[in-house]
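Notes for the one structure printed next.
Chain identifiers are assigned alphabetically (A, B, ...) following the order of the sequence lines, protein sequences preceding nucleic acid strands; residue numbering begins at 1 within each chain.
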Amino acid sequence: MGAKNKVIFGRIYCSGTSCSTESQSNSKFSSSISIASIFKSFKRKLVVGSFHSTPSFKSYVETCASLLRRCSCTHRLLSGLALQGHAVKCGISSDRSVFTKLLTMYSECNRPADQNRIFIEFAGSDIFSWNFMITDFARSGDIDSASNLFDQMPERNVVSWTIIIDELMKRGRVRDALGYFERCPCHTVVSYTAMINGFARNVMYLDGLLTFRRMIRYGLMPNEITFTCVITACGFCGEFDFANSVVGMIIKNVFGQNLSVCNSLITLYLRMGDAGMARKVFDGMVERDVVSWTALLDVYFQMGDLKEARHVFNKMPDRNEVSWSMMIARYSQSGEAVEALWLFKHMLCNGFKPNISSFASVISASASLENLLHGRSVHSHVVKFGCENDIFVASSLIDMYSKCGKSDDARRIFDSLAMKNIVCWNAMVGGYFYDGRMVEAKDLFMQLPERNAASWNAMISGFVQNELYEDVLETFNEMLTSGQVPSRMTFSSVLLACASLPSLEKGKNLHAKTVKLGIATEIFVGTALTDMYAKSGDIESSKSVFCLMPEKNEVSWTAMIQGLADSGLAEESLALFEDMKKTDINPSEPMFLSIIFACSHCRLVDKGFHYFESMDKVHGITPKERHYTAMVDLLSRAGLLRQAEDFIRKMPIQPEANTWAALLSGCVTHGNDGIGERAAKMVIELERQSTAGYVLLSNIYASVGRWKDVSKVRTLMRETGIKKGGGCSWIQIRDCFHAFYSWDSNHPNALEIYEVLELLIPEMIPCML
DNA sequence: CTAGGGTTAG
């Protein structure tokens with residue numbers, strides 16, 4: 001024991017105050033023993049009387065300070081207390097270097113009361129101690145005590161000012177920070193940088209840039225940290241000209257090789273949309289860290305090259321939780337939700353702690369998959385890591401439960417939040433719509449403390465999902481009246497509603513509005529317009545909108561191909577499909593549905609089979625039930641009823657009721673009651689509540705003159721309590737749409753509706769009454 | 001001979 005302690009003691013004594021050289025001994029026991037032996041040894045050496053001038057006293061103080069520092073590094077409170085006891089006894093506890101180390105030790109060991117006590121006892125006018133205390137108060141969340149302390153300081157240096165400015169900015173108190181900044185008698189690069197970055201933190205980028213300009217005028221030279229902050233601010237607010245002039249300064253002042261400056265430049269060029277330049281910066285760096293590599297990942301994500309991003313991720317020399325979060329977030333945003341979940345799992349397997357960002361991304365991936373099981377399991381991790389009160393995590397949880405149809409679970413999280421932001425409110429409104437709980441959704445919307453475009457969009461798309469198109473238009477009008485400018489999202493939802501309404505007027509009106517806002521050819525709006533015009537029967541306008549779109553995605557092409565097919569322009573639809581195959585867009589599942597449908601309309605049986613077979617063979621898409629149904633429709637319409645029945649019996653998957661219904665409907669057209677009866681039996685068996693089977697069957701009997709069987713089917717329907725649903729129609733009177741049903745003469749505006757109808761189509765009235 | 005400002009994800 002003795003030998004070991006002597007070695008430690010000797011090392012400390014000889015190497016002065018260096019903490020790092022003697023941090024090897026890490027057992028609590030040996031550490032406190034060594035401290036005790038130091039004092040024993042020192043007591044022997046100290047000579048009373050020559051105390052204050054001897055070198056041994058100086059060494060004693062230094063050693064004491066050094067040991068205290070070691071105690072705070074290793075959080076050994078007991079040893080620290082023992083040391084303080086000795087220091088007090090020997091009368092050196094008010095020595096500046098001992099005292100500052102004591103302050104640090106109490107702070108590190110989380111003893112604010114003791115820390116405060118010795119501060120009040122000894123601090124006096126020592127600026128360092130005051131600054132230390134201010135930082136400590138601020139970092140523990142008590143910014144008011146921090147600024148009180150600052151105001152009481154007998155004397156301040158520029159560090160004091162910078163601390164208080166930075167801490168106020170971090171807490172969003174921009175005005176207070178600015179007040180201190182203006183009162184600060186002397187500025188440095190650091191105080192200016194704190195100010196610039198403080199503005200940026202509070203989304204006041206332009207003020208940050210102006211402060212930067214003021215700093216240059218003041219004659220201060222920015223350093224690499226200032227440049228990093230300014231470049232980041234430029235990227236956020238899109239001030240690319242300003243950014244370019246800053247880049248000039250960076251190069252002139254030889255900061256072009258600095259690690260963080262280059263890292264921020266990669267992101268700047270990405271925000272400018274110049275992935276090539278971003279890549280160039282990365283290639284030219286002399287030194288790279290995990291931040292540089294993570295930024296490079298985003299370069300490939302922005303170019304849409306997931307493969308290369310994945311490749312870079314695999315070969316990166318180092319990863320941290322941000323790199324993992326980035327991968328999870330981008331995969332989730334690219335619609336690769338399954339891959340996002342996989343990455344999250346592997347992040348945990350690799351020993352990384354999930355953080356708020358990775359939670360938010362992985363929850364939104366589970367939401368888009370509507371995978372409740374996975375969502376719940378991530379939720380349990382969220383609770384385990386104590387992130388359930390984070391607003392980002394909570395709002396994505398609300399969204400996840402909503403999309404899985406669990407609005408009550410969503411509501412529980414919503415209610416548990418002490419601080420809710422507008423995102424949570426909007427997600428919850430959407431949640432009720434997903435569950436079809438319109439009353440609750442509307443109620444909650446009325447309670448919203450503030451409304452943004454997303455709140456209105458939640459209402460509008462909620463009504464669209466529930467096919468309440470009148471409410472869509474009504475809400476849209478309210479939105480305009482409230483002064484809220486509609487977004488792309490709004491237009492694509494409202495246009496979707498217009499596509500389902502008979503009047504083209506509203507749609508045209510909306511088209512005009514989007515032109516005014518300059519978003520008519522934007523991908524989402526343009527696609528919705530294409531769809532709306534096609535569904536409203538104005539295929540020429542649909543085509544012209546489609547052609548004007550500079551960028552088209554899979555959905556846009558589907559809308560146009562489907563629109564042409566549905567308008568009976570089957571040849572054109574097929575030609576467009578061939579055009580699309582020449583671009584880098586791959587045919588999708590719904591597209592094939594339209595293509596087969598188009599073939600069906602033109603009786604192009606062979607072509608239809610060709611496309612159907614190419615799905616699996618060429619494009620690797622497994623045909624779904626509805627594709628088989630479309631094929632049956634193709635064969636049945638062409639009168640190939642026997643082949644159609646054969647086709648169904650050979651299907652590798654269970655046919656849906658609609659598959660048989662397609663055959664049945666062909667039997668009606670071609671008057672085949674033999675196959676028709678079998679098909680009808682299958683339809684009724686697969687879908688007992690549905691009227692379609694019965695109605696079609698009775699139609700077949702009627703078409704071949706089996707009137708007795710017709711009345712048998714009708715009786716059967718009556719007995720099983722199945723009613724034929726009434727038809728629904730729409731009419732527009734002035735600015736309002738009215739839905740009315742064939743049995744509905746109780747509509748509040750019935751009289752007016754009938755009056756209008758009488759003008760239009762007088763012979764329709766008797767059928768409806 | 002110690003303090004104050006920073007880059008990547010959400």
Side-chain angles (χ1 to χ4, degrees), chain A residues 16-19 62 65-66 69 72 96-97 100-101 103-104 126-136 138-139 156-167 169-170 184 187-198 200-201 208 211 215 222-233 235 258-268 270 278 281-282 285 288-299 301 316 318-333 343 347 354-364 387 390-393 395-396 423:
Chain A
T17 56
S18 166
C19 181
E62 274 175 10
S66 158
R69 194 169 159 182
S72 35
R96 192 171 167 275
S97 65
T100 51
K101 300 297 178 299
L103 262 190
T104 323
D126 179 59
I127 299 187
F128 172 84
S129 320
W130 283 84
N131 287 349
F132 186 88
M133 291 300 284
I134 293 172
T135 312
D136 237 41
R139 303 253 156 105
R156 304 172 186 105
N157 61 12
V158 67
V159 178
S160 332
W161 288 95
T162 311
I163 294 168
I164 201 73
I165 289 167
D166 186 56
E167 293 296 340
M169 279 296 201
K170 277 182 184 149
C184 178
H187 286 300
T188 61
V189 202
V190 183
S191 63
Y192 262 103
T193 308
M195 205 58 200
I196 294 168
N197 202 41
R201 241 193 257 279
T211 310
M215 169 181 171
N223 63 18
E224 70 278 9
I225 299 177
T226 324
F227 281 128
T228 306
C229 297
V230 172
I231 287 297
T232 308
N258 178 272
L259 183 62
S260 355
V261 171
C262 288
N263 286 343
S264 66
L265 279 173
I266 296 176
T267 317
L268 170 75
L270 271 184
V281 173
F282 180 86
M285 286 168 79
R288 301 179 187 112
D289 64 357
V290 63
V291 179
S292 334
W293 284 96
T294 308
L296 181 68
L297 284 179
D298 220 12
V299 174
F301 279 120
M316 274 165 78
D318 217 2
R319 296 180 199 104
N320 63 12
E321 70 281 6
V322 180
S323 346
W324 282 96
S325 301
M326 164 89 89
M327 292 296 286
I328 297 168
R330 295 292 183 256
Y331 268 83
S332 170
Q333 287 157 3
L343 279 162
M347 172 180 178
N355 59 9
I356 290 160
S357 316
S358 50
F359 273 136
S361 305
V362 79
I363 294 166
S364 95
C387 295
D390 179 82
I391 205 107
F392 283 102
V393 175
S395 55
S396 51
V423 181

Side chains of A/Thr226 and A/Thr193: is there a donor and an acceptor less than 3.5 Å apart?
yes
Do A/Arg201 and A/Asp166 meet the salt-bridge criterion of a basic N to acidic O distance under 4.0 Å?
yes
Which nucleotide, [options], lies nearest any side-chain atom of [X]?
X        : options              : answer
A/Thr232 : B/dG5, B/dT8, B/dT2  : B/dT8
A/Asn320 : B/dT8, B/dT7, B/dA9  : B/dT8
A/Val322 : B/dT8, B/dA3, B/dG5  : B/dT8
A/Thr162 : B/dA9, B/dA3, B/dG4  : B/dG4
A/Asn197 : B/dG4, B/dT7, B/dG10 : B/dT7
A/Asn263 : B/dT7, B/dT8, B/dG4  : B/dT7
A/Lys170 : B/dA3, B/dG5, B/dG10 : B/dG5
A/Asp166 : B/dA3, B/dG5, B/dT7  : B/dG5
A/Asn355 : B/dG10, B/dG4, B/dA9 : B/dA9
A/Ile127 : B/dG4, B/dA3, B/dT2  : B/dA3

Cation-aromatic face contact A/Arg319/A/Trp293, 6.0 Å, 45 degrees:
no
Interatomic distance where [atom1] belongs to [X] and [atom2] belongs to [N] [whole Å]:
X        : N     : atom1 : atom2 : answer
A/Ile163 : B/dT2 : CD1   : C1'   : 13 Å
A/Trp324 : B/dA9 : CH2   : P     : 18 Å
A/Ile266 : B/dA9 : CD1   : C1'   : 15 Å
A/Phe227 : B/dT7 : CZ    : P     : 16 Å
A/Arg330 : B/dT8 : CZ    : P     : 12 Å
A/Ile356 : B/dT8 : CD1   : P     : 17 Å
A/Met316 : B/dT8 : CE    : C1'   : 9 Å
A/Phe132 : B/dG4 : CZ    : P     : 9 Å

Base, sugar-phosphate, or nothing: which does [X] touch, judged by heavy atoms less than 4.0 Å apart?
X        : result
A/Thr188 : base
A/Asp390 : nothing
A/Val261 : nothing
A/Val393 : nothing
A/Ala295 : nothing
A/Ser292 : nothing
A/Ile225 : base
A/Arg319 : nothing

Distance, nearest 0.5 Å, that separates CG of A/Leu270 from CG of A/Asp298:
5.5 Å
Nearest non-hydrogen partners of A/Val290 and A/Asp318, listed with the distance
CG2-O, 3.5 Å
With a 4.0 Å limit, can you tell me whether A/Arg96 has a side-chain N or O closer than that to the phosphate oxygens OP1/OP2 of B/dC1?
no
Does a side-chain N or O of A/Gln333 approach OP1 or OP2 of B/dA9 to a distance below 4.0 Å, or not?
no
With a 3.5 Å distance limit and no angle check, can you tell me whether A/Ser361 reaches the backbone of A/Ser357 through a side-chain donor-acceptor pair?
yes
Is there, by distance only and without an angle test, a donor paired with an acceptor across the side chain of A/Asn223 and the base of B/dG5 below 3.5 Å?
yes
Is there, by distance only and without an angle test, a donor paired with an acceptor across the side chain of A/Asp298 and the base of B/dA9 below 3.5 Å?
no
Identify whether a stacking contact exists between A/Trp293 and B/dT8, where the ring centres must be under 5.5 Å apart and the planes under 30° apart.
no
The criterion is side chain to side chain donor-acceptor pair (under 3.5 Å); which residues satisfy it with A/Ser129, sequence neighbours excluded?
A/Asp126
